[in-house]
Amino acid sequence: MNNPRAFSTELVSRRGAAALAVLLCVSGASAQQALTWDQVKAKFEATNPVLKADQNNVDELKADEITAYLRPNPQFTLSEDGTQVAPHEGIWRPTSGTQVSPNFSYLHEREHKRELRLQSAKEDTQIGGSLHEDLERNMLFSLRSAFVQTLEAKAVLDLAKADLEYYDKIINICRARFTDGGQAQVDLDRIELLRVQYESEIEAATVNLRTQKIQLLQLLDDRTPVDQFDVIGLFDFSTDLKPLADLHQVAVDARPDLRAAIQSIEQARTNHKLAIANGSTDPTFGAWFSYNPSFYNPYAHVTLGLSVSVPLRIFDRNQGEKQRTLIDIDRNQNATEAARAQVFSDVDSAYEQVRSGITLLVPYRDNYRDQATRVRDTVTYSYQRGGASLMDFLNAQSDYRVVQLAYLQLVGSYLTAASQLNLAVGREVIP
């Protein structure tokens with residue numbers, strides 16, 4: 001290993017392999033098929049019990065539409081009168097004067113009450129569907145964050161393994177120098193003792209990766225053993241970012257919580273119309289058939305009777321409900337304006353986080369990582385030939401790890417911010 005050019009070429013090759021492993025997030029357990037983001041998302045939507053339970057609520061609202069449009073049931077009454085129960089003046093004919101009357105009555109609803117109830121129920125279902133989409137939107141953000149954190153944990157673990165592999169090569173070179181008499185025992189001991197830090201970093205990264213996988217499995221409601229579960233994806237960033245004004249318009253059109261707020265205004269107006277309709281009078285029509293009635297007409301053996309019952313709405317004309325629903329319209333309009341303002345605020349904040357992340361990442365990608373690698377390789381080469389002190393060598397190793405780890409953490413922060421922007425907009429604008 002005394003050839004400087006061969007040593008430098010080998011280090012550059014090793015650095016390129018480590019960088020490729022970090023960017024592609026190669027699975028540690030190649031025997032199992034790693035899930036992509038699209039596969040994780042599809043599995044989540046199909047299996048998550050919280051989403052399923054909320055969908056059941058939407059289905060219940062849909063069933064309520066049937067109830068809302070039902071007609072009032074007709075009433076049937078069978079009455080009997082005129083049966084003699086005791087003799088009178090020695091005569092007892094119990095059934096000769098019995099009068100039997102079947103009675104049918106029906107409440108007729110006026111002012112389109114049924115239609116308005118159905119319309120209100122349908123609008124309630126639409127609101128429930130929009131809120132279900134909003135729940136899914138928020139839960140997908142949590143899922144995407146867990147997915148990104150898993151990718152970041154994998155990248156950090158790959159980096160720690162690559163650093164240890166590189167450092168082991170340095171230790172072997174130093175041991176060879178020590179054998180040849182070109183390395184002091186104390187310097188060799190200090191270099192070898194530093195290896196425990198690399199081992200600790202690998203162990204910490206392994207625990208963190210398993211923890212992130214456990215959280216992801218919980219969201220998927222999956223009982224797969226952690227060692228048999230893996231995900232894969234491109235752990236990188238993009239400088240492409242749509243104009244803020246375009247994202248504002250997309251968010252206004254796509255955010256389900258804002259859509260639910262607008263739908264609530266329409267339902268409040270329908271409920272106000274229904275309250276006015278409920279203040280109207282609904283007549284009850286009745287008809288009955290009488291057999292053997294005791295009327296003055298001796299020939300009226302079979303008779304027909306009709307009735308109309310009209311409640312007098314003198315005091316109760318549903319005034320309170322009319323006023324309440326009118327106020328509810330104003331309340332929902334104000335809530336919608338607040339929701340619209342919140343949408344713009346969410347988009348602005350998330351957009352700034354993404355923009356800031358890109359600003360920080362670009363110099364790392366273009367300069368800092370390469371500079372840290374060159375400094376590490378140069379100082380390592382100089383130290384092996386006595387041109388640099390042990391402290392310079394250790395500092396260069398530490399600076400390289402700090403820069404590379406900071407880059408991975410910034411990429412993770414960018415991807416989380418991108419997920420936040422997708423959440424704020426209401427759909428994926430950054431894949």
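Throughout, residue positions are numbered sequentially from 1 according to the sequence presented.
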Q: Go through E321 and N278 one step at a time and tell me if the side chain to side chain contact (heavy atoms under 4.5 Å, CB included) criterion holds.
A: CA-CA 9 Å; E321 191 64 13; N278 286 335; over 6 Å; no
Q: Begin with the C-alpha distance, continue with both residues' side-chain angles, and end with the deciding distance and a verdict on side-chain hydrogen bond (donor to acceptor under 3.5 Å, both in side chains) for Y400 and N395.
A: CA-CA 8 Å; Y400 170 83; N395 287 338; over 6 Å; no
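- Using a 4.0 Å cut-off between charged nitrogen and carboxylate oxygen, K273 and E111 do not count as a salt-bridge pair.
- Inspection of the S389 and D392 side chains reveals an N or O donor paired with an N or O acceptor under 3.5 Å.
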Q) Run the side chain to side chain contact (heavy atoms under 4.5 Å, CB included) check on Q218 and I214 step by step: do they pass? A) CA-CA 6 Å; Q218 179 184 2; I214 290 171; 5.7 Å; no
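- Heavy-atom minimum distance, R255 versus D346: NH2-OD2, 3.3 Å.
- Salt bridge D282/K113: present, at least one basic N to carboxylate O contact under 4.0 Å.
- Residue A424 comes nearest to A251 through the heavy atom pair O-CB, 4.0 Å, listed as atom of the first residue, atom of the second, then distance.
- Here the OH atom belonging to Y407 is positioned 12.0 Å from the CG atom belonging to L159, to the nearest 0.5 angstrom.
- Within a 6.0 Å sphere centred on CZ of R71, other residues, nucleotides and ligands contribute 12 heavy atoms or fewer.
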(Q) Working note: V403 + Y364, criterion side chain to side chain contact (heavy atoms under 4.5 Å, CB included); need CA distance, chi angles, decisive distance, verdict. (A) CA-CA 8 Å; V403 170; Y364 270 88; 4.0 Å; yes
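- Taking a cutoff of 4.0 Å between a charged side-chain nitrogen and a carboxylate oxygen, R427 and E133 do not qualify as a salt bridge.
- Other residues, nucleotides and ligands contribute at most 12 non-hydrogen atoms within 6.0 Å of the NZ atom of K122.
- Using a 4.0 Å cut-off between charged side-chain N and carboxylate O, K242 and D240 make no salt bridge.
- Using a 4.0 Å cut-off between charged nitrogen and carboxylate oxygen, R331 and D328 count as a salt-bridge pair.
- Just one of T150, L35, L219 meets the side chain to side chain contact (heavy atoms under 4.5 Å, CB included) condition when paired with V40; it is L35.
- Residues V310 and V308 approach most closely at CG2-CG1, 3.8 Å, considering heavy atoms.
- Classification of the F104-F76 ring pair by plane angle, with boundaries at 30° and 60°, yields tilted.
- Distance CG/L61 to CG/D124: 5.0 Å, rounded to 0.5 Å.
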Q.
Evaluate N56 against E60 for side-chain hydrogen bond (donor to acceptor under 3.5 Å, both in side chains), listing each step before the verdict.
A. CA-CA 6 Å; N56 291 337; E60 290 177 0; over 6 Å; no
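- The line from CD of E45 to CG of L140 is 5.5 Å long, rounded to the nearest 0.5 Å.
- Salt-bridge annotation for R137 and D257: present, with a side-chain N of the basic residue lying under 4.0 Å from a carboxylate O of the acidic one.
- Looking only at side-chain heavy atoms (C-beta outward), R223 and L217 stay at 4.5 Å or farther from each other.
- Heavy-atom neighbours of Y368 OH from other residues, nucleotides or ligands within 6.0 Å: at or below the threshold of 12.
- One side chain, D59 or Q55, offers a donor N or O that lies under 3.5 Å from an acceptor on the other.
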Q: Would you please test E65 and T125 for side chain to side chain contact (heavy atoms under 4.5 Å, CB included) and show each step?
A: CA-CA 8 Å; E65 296 178 16; T125 303; 2.8 Å; yes
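- Residue Q420 holds its CD atom at 16.0 Å from OH of Y351, rounded to the nearest 0.5 Å.
- None of I173, V186, L390 except one satisfies the side chain to side chain contact (heavy atoms under 4.5 Å, CB included) rule with I191; the exception is L390.
- Applying side-chain hydrogen bond (donor to acceptor under 3.5 Å, both in side chains) to T380 and the options Q397, R385, K169 leaves one that passes, Q397.
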Q | Verdict with supporting geometry, R259 and D134, salt bridge (charged side-chain N to carboxylate O under 4.0 Å, His left out) | A | CA-CA 10 Å; R259 184 166 64 251; D134 191 58; over 6 Å; no
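- Checking each of R195, K161, R175 against D168 for a salt bridge (Lys or Arg N to Asp or Glu O under 4.0 Å) leaves exactly one that passes, namely R195.
- Between F285 and Y106, the ring centre distance reaches or exceeds 6.0 Å.
- Under the side chain to side chain donor-acceptor pair (under 3.5 Å) criterion, no residue pair touches residues 307-316, with sequence neighbours excluded.
- W37 pairs by the ring pair (Phe, Tyr, Trp, His ring centres under 6.0 Å) definition with F147, not counting sequence neighbours.
- Expressed to the nearest 0.5 Å, how far CG of L194 lies from CD of E199 amounts to 10.5 Å.
- Contact check for Q409 versus E152: side-chain heavy atoms found under the 4.5 Å cut-off.
- We find that R365 and D236 are not joined by a salt bridge, their nearest charged nitrogen and carboxylate oxygen being 4.0 Å or further apart.
- Counting non-hydrogen atoms of neighbouring residues, nucleotides and ligands closer than 6.0 angstrom, the CZ atom of R190 reaches no more than 12 such neighbours.
- Between K41 and E136 there is no salt bridge, since none of the side-chain N atoms of the basic residue sits less than 4.0 Å from a carboxylate O of the acidic one.
- Here the NE2-OG1 distance, from H108 to T284, works out to 10.5 Å after rounding to the nearest 0.5 Å.
- At a threshold of 4.5 Å between non-hydrogen side-chain atoms, the residues P283 and R110 count as touching.
- A donor and an acceptor atom, one from each side chain of S419 and S145, are nowhere located under 3.5 Å apart.
- Nearest approach of F141 to T416, heavy atoms of both residues: CE1-O, 4.1 Å.
- A donor and an acceptor atom, one from each side chain of T36 and D38, are nowhere located under 3.5 Å apart.
- With contacts defined as side-chain heavy-atom distances shorter than 4.5 Å, the pair D222/T47 does not qualify.
- Between R376 and D399 no salt bridge is recorded (no basic side-chain N to carboxylate O distance below 4.0 Å).
- Residues N271 and S120 bring a donor and an acceptor atom of their side chains to less than 3.5 Å of each other.
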